[in-house]
*Asks:* 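I'd like to ask some things about the structure below.
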Amino acid sequence: MVGSTNKMALERAASGDPGNLWICALKQESGRGRRGRVWETPAGNLAATLLVVARFEPKLAATLGFVAGLSLVDALAEIAPDAGVEIAADGGSDGGGTRFALKWPNDVLGEGGKLSGIGLESSVLPDGRFAVAVGIGVNVLAHPDNTPYPATSLRALAVEASAEDVFLALSGAWARNSRDWDNGRGLGRIRDRWLQRAAGLGGEVAVRLDEKVLRGHFETIDEDCRFVIRLPDGSRTSIAAGDVHFGAVASAAAS
């Protein structure tokens, strides 16, 4: 049991760890999700953090979340190729897919429920390098109730896998996708593959930006992996951070 795998990773970086280090836990008590939300990992779920230490711009570091999401989808497809259901444009199952889906910016969905969250935390080291903790939490055996976005777990999807199984597949998929990312030089390839697995692409969305809600259609993600929404007047805007809701969920959760 640990407090936070991300915190442990950044502490290791501050102590001189060169990175490329995985820290994993089967129970985590003080993890953080987006916007400071608590992300608890009960026993049997997976909390994994990869420490990356390198010299790159902050906006490039943020794209590691897309590498992580893509890697987890690849890992889940390997573990349970027929368990995930493609997410249709209205946010529900279209009955025609056999894959898990990616929800911008950093969630993985299974049958429309949030299966995993990905959180990045960073610090600047004395020599000017960035230390980035890429935290990945996966609901393997249990999932929370009464969440802003419906949640699920591998067990609820009738997938018989352990946290160890998930991590083994995830670490292999990360190795492949990080080579493609190539310190940002291959971001276009990551973006293209991410879009192939994107939930709600082309469909109606509502994006909450603090107290403001934008409604329109999910057009794409741009070259910096920002969310591009087409507004009712036909104009387009790119969003760097916000809570995205699809279809019927958009009407209920983002109103």
Side-chain angles (χ1 to χ4, degrees), residues 2-25 28 30-37 39 46-75 102-108 116-138 167-198 220-228 238-242:
V2 303
S4 165
T5 55
N6 273 16
K7 181 179 179 182
M8 291 179 66
L10 293 179
E11 288 172 348
R12 291 290 295 267
S15 299
D17 195 290
N20 292 327
L21 169 73
W22 283 101
I23 297 176
C24 302
Q28 176 178 249
S30 56
R32 290 191 296 272
R34 295 186 64 244
R35 299 176 181 261
R37 295 167 183 152
W39 181 279
L46 175 64
T49 293
L50 177 66
L51 174 63
V52 178
V53 178
R55 296 184 185 276
F56 39 53
E57 296 180 10
K59 72 173 185 178
L60 186 60
T63 67
L64 285 169
F66 294 85
V67 181
L70 187 59
S71 297
L72 183 55
V73 165
D74 287 348
L102 290 160
K103 177 176 176 286
W104 187 91
N106 52 13
D107 292 339
V108 174
S116 170
I118 296 165
L120 274 61
E121 297 181 66
S122 64
S123 61
V124 181
L125 301 177
D127 63 2
R129 291 180 300 164
F130 264 89
V132 184
V134 184
I136 305 171
V138 185
F167 174 71
L168 184 62
L170 170 62
S171 58
W174 174 275
R176 295 187 295 272
N177 285 313
S178 63
R179 283 195 297 269
D180 274 352
W181 182 73
D182 190 21
N183 287 325
R185 290 182 287 269
L187 180 57
R189 292 191 296 272
I190 296 297
R191 174 186 174 273
D192 290 345
R193 290 191 61 219
W194 193 98
L195 282 168
Q196 291 171 8
R197 294 155 176 79
T220 188
I221 59 173
D222 67 15
E223 61 183 14
D224 294 320
C225 295
R226 294 176 298 182
F227 191 86
V228 179
S238 295
I239 297 167

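Here the structure is a predicted model, which means the values were calculated and not measured.
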*Asks:* What distance do N177 atom CG and F66 atom CZ have between them, rounded to the nearest 0.5 Å?
*Replies:* 13.5 Å
*Asks:* Is L170 close to S71 at the side-chain level, that is, under 4.5 Å between some pair of heavy atoms?
*Replies:* yes
*Asks:* Got a second to check how far L50's CG is from T5's OG1, nearest 0.5 Å?
*Replies:* 10.5 Å
*Asks:* Which pair of non-hydrogen atoms, one from A68 and one from I118, has the smallest distance, and what is that distance?
*Replies:* C-CD1, 3.8 Å
*Asks:* Are P105 and F227 close enough that some pair of their side-chain heavy atoms sits under 4.5 Å apart?
*Replies:* no
*Asks:* Can you confirm whether R12 is buried at CZ, in the sense that more than 12 heavy atoms of other residues, nucleotides or ligands lie under 6.0 Å from that atom?
*Replies:* no
*Asks:* Looking at every non-hydrogen atom in both residues, tell me the closest pair between A9 and T49 and how far apart they are.
*Replies:* CB-CG2, 3.7 Å
*Asks:* Taking all non-hydrogen atoms of both residues, which atom of V108 and which atom of G69 are closest, and how far apart?
*Replies:* CG2-O, 4.1 Å
*Asks:* Is any side-chain heavy atom of V53 less than 4.5 Å from a side-chain heavy atom of F130?
*Replies:* no
*Asks:* Report yes if the side chains of I136 and F167 come closer than 4.5 Å at any heavy-atom pair, otherwise no.
*Replies:* no
*Asks:* How far apart are the closest heavy atoms of D107 and G117, and which atoms are they?
*Replies:* OD1-CA, 3.8 Å
*Asks:* Could you tell me the separation between the CG atom of L21 and the CE atom of M8, rounded to the nearest 0.5 Å?
*Replies:* 9.0 Å
*Asks:* So, using side chain to side chain donor-acceptor pair (under 3.5 Å) as the criterion, who are the partners of R129 when residues are at least two apart?
*Replies:* D127
*Asks:* With R193, which of L102, D74, V67 fulfils side chain to side chain contact (heavy atoms under 4.5 Å, CB included)?
*Replies:* D74
*Asks:* How far apart are the closest heavy atoms of L120 and V134, and which atoms are they?
*Replies:* CD1-CG1, 4.1 Å
*Asks:* Report yes if the side chains of I23 and L51 come closer than 4.5 Å at any heavy-atom pair, otherwise no.
*Replies:* no
*Asks:* Tell me if a side-chain donor or acceptor on R197 pairs with a main-chain N or O of L70 at a distance below 3.5 Å.
*Replies:* no
*Asks:* Is there a side-chain contact between C225 and L187, using heavy atoms and a 4.5 Å cut-off?
*Replies:* yes
*Asks:* Can you give me the closest heavy-atom contact between A13 and A131, atom names plus distance?
*Replies:* CB-CB, 3.6 Å
*Asks:* In a check of side chain to side chain contact (heavy atoms under 4.5 Å, CB included) between S122 and each of N6, L10, V132, which one passes?
*Replies:* V132
*Asks:* Check F56, W181, W194 against T63 for a side chain to side chain contact (heavy atoms under 4.5 Å, CB included) and give me the one that passes.
*Replies:* W181
*Asks:* Using the test salt bridge (charged side-chain N to carboxylate O under 4.0 Å, His left out), find all partners of R185 that sit at least two apart in sequence or belong to another chain.
*Replies:* D182
*Asks:* Please name all residues satisfying side chain to side chain donor-acceptor pair (under 3.5 Å) with S238, sequence neighbours left out, ordered by chain then number.
*Replies:* D222
*Asks:* Give, for atom CH2 of W174 and atom CG of N20, the distance between the pair rounded to the nearest 0.5 Å.
*Replies:* 9.5 Å
